[in-house]
Number of protein chains: 2
Amino acid sequence: MTRKQIINKFKKAIRNEQLKVTPQRVAVLDDLMDHPGHRECDEIFDDLRANDMKVSRATIYRTLDLLVKYGFAKKLNTGEGRSRFENRIDTHHHDHIICNKCGTITEFCNDEIEKIQIDICNDMDAQIVGHEHQLFVICADCRNN
Amino acid sequence: MTRKQIINKFKKAIRNEQLKVTPQRVAVLDDLMDHPGHRECDEIFDDLRANDMKVSRATIYRTLDLLVKYGFAKKLNTGEGRSRFENRIDTHHHDHIICNKCGTITEFCNDEIEKIQIDICNDMDAQIVGHEHQLFVICADCRNN
DNA sequence: ACTTTATTGAGAATGATTCTCAAGTAACTT
DNA sequence: AAGTTACTTGAGAATCATTCTCAATAAAGT
């Protein structure tokens with residue numbers, strides 16, 4: 001999907017809920033797609049302001065909630081005391097490896113783990129709606145100082 | 001290990017760092033062991049106060065940090081916007097299944113997953129220092145209303 | 001353009017956690 | 001047992017991320 005198509009999909013999703021398409025909402029999604037990493041509110045805030053957009057933190061949080069709700073973004077907890085968000089369109093599912101020293105976030109995905117998770121939930125007759133899996137490490141770089 | 005032995009071990013750990021054994025510190029560990037569940041600061045606070053102990057939230061947080069640091073407790077993030085802590089002595093390692101509807105926390109442990117995690121870290125030459133793995137579900141009870 | 005209704009920004013409010021600091025207390029010394 | 005030193009404590013202020021409030025603004029339909 002091209003970026004334009006993704007944004008159109010988002011616009012459609014918004015209108016579908018009798019919500020309104022605004023420059024701020026589009027800009028947040030655009031920013032998430034510009035930065036494949038894991039971004040926090042203030043990074044997005046600084047970006048948009050740097051691009052001369054009039055926007056408030058409140059609106060960014062509100063928009064991120066929308067994006068998560070409609071499946072365009074994922075909220076993650078990296079144990080830093082604040083949330084990070086990542087674009088979720090056209091990305092394969094993955095979990096995170098976080099270096100406790102330098103903070104670098106690497107991604108991983110393991111089909112076997114994914115499968116076991118589903119089995120565990122099935123066994124207890126629960127419907128899985130999501131998961132969060134983080135490995136905390138001292139990364140290769142940090143180990144070698 | 002008996003409870004007395006665990007508490008003695010904690011006292012030893014504390015003294016070993018030139019810190020002091022105080023009634024508040026012991027009481028927090030005691031409370032964690034009284035309640036095998038996953039407790040948050042305010043629950044502990046209410047408990048200790050109910051037991052006529054003079055204690056402040058600040059001290060509870062400070063003590064929980066100590067307990068985590070010395071391996072007597074584990075801090076976990078259940079996605080509620082505050083931390084929970086659990087006793088970590090004499091408990092087998094486990095991860096958590098959290099019902100997004102009723103909030104019930106169930107534990108699980110899967111050796112295969114544990115093994116894969118280690119393999120993943122070894123492959124990238126990182127030293128694993130911890131992990132957090134949560135499955136978010138709608139539990140059997142909630143599914144059947 | 002006009003109307004309706006959702007959205008916005010600013011700043012206040014919230015809630016969890018951390019910090020400050022004077023008063024208190026553990027533990028060592030005699 | 002009393003004195004000394006250094007770590008701890010509680011109260012409340014401070015902080016930080018996030019959410020809320022509300023009057024002003026701007027989509028989208030007519």
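Below, read A as the first sequence line, B as the second, and so on, with proteins coming before strands; counting in each chain starts at 1.
- Taking only side-chain nitrogens and oxygens, A/Arg25 comes nearer than 4.0 Å to OP1 or OP2 of C/dT7.
- Under a 3.5 Å cut-off, the side chain of A/Gln134 and the backbone N or O of A/Asp95 do not form any donor-acceptor pair.
- Here the P atom of nucleotide C/dA16 and the CG atom of B/Asp65 are 17 Å apart, to the nearest Å.
- The separation between B/Gln18 atom CD and C/dA27 atom C1' is 12 Å, rounded to whole Å.
- Between the CD1 atom of A/Ile14 and the C1' atom of C/dT8 there is a distance of 14 Å, given to the nearest Å.
- For A/Gln24 and C/dA6, the CD to P distance is 17 Å, given to the nearest whole Å.
- Heavy-atom distances to DNA chain C give each of B/Phe85 and A/Val21 a nearest nucleotide, and the one nearer the 5′ end belongs to A/Val21.
- A salt bridge between A/Arg39 and A/Asp31 is present, with a side-chain N of the basic residue lying under 4.0 Å from a carboxylate O of the acidic one.
- The side chain of B/Arg57 contributes no N or O atom lying less than 4.0 Å from OP1 or OP2 of C/dT17.
- Here the rule is side chain to side chain donor-acceptor pair (under 3.5 Å) with B/Glu86, and of B/His35, B/Lys74, B/Lys75, B/His94 only B/His94 fits it.
- Each of B/Tyr61 and A/Thr22 was assigned the nucleotide of DNA chain C with the nearest heavy atom; the assignment lying further toward the 5' end belongs to A/Thr22.
- Taking side-chain N and O atoms only, A/Thr59 has a distance below 4.0 Å to OP1 or OP2 of C/dG9.
- In this structure, CG of A/Leu64 is placed 12 Å from P of C/dT8, rounded to the nearest angstrom.
- Within the structure, a side-chain polar atom (N or O) of B/Ser83 is placed less than 4.0 Å from OP1 or OP2 of C/dT17.
- Across the helix from C/dA1-D/dT30 to C/dT30-D/dA1, the helix axis at one end is tilted relative to the axis at the other end by 30° (nearest 10 degrees, each axis from five pairs).
- Atom pair B/Asp42:CG and C/dT17:P shows a separation of 9 Å (rounding to whole Å applied).
- One interatomic measurement links the two molecules: NZ of B/Lys20 to P of C/dG24, which rounds to 15 Å at whole-angstrom precision.
- Between B/Arg143 and A/Asp125 there is a side-chain heavy-atom pair separated by less than 4.5 Å.
- The footprint of chain A on DNA chain D, defined by a heavy-atom cutoff below 4.0 Å, extends from D/dA17 to D/dA28.
- Residues B/His93 and B/Glu114 have side chains that bring a donor and an acceptor to within less than 3.5 angstrom of each other.
- Remark: P of C/dT8 and CZ of A/Arg49 are 14 Å apart, rounded to the nearest angstrom.
- Using the six-membered ring where Trp is involved, A/His133 and B/His133 have ring planes that are parallel, under 30° apart on the 30 and 60° scheme.
- Side chains of A/His92 and A/Glu107: no donor on one and acceptor on the other come within 3.5 Å.
- Ion pairing between a basic and an acidic side chain is recognised when a charged N comes within 4.0 Å of a carboxylate O; A/Arg3 and A/Asp34 show such pairing.
- With respect to the salt-bridge test (charged N to carboxylate O, under 4.0 angstrom), the residues A/Asp65 and A/Lys69 do not qualify.
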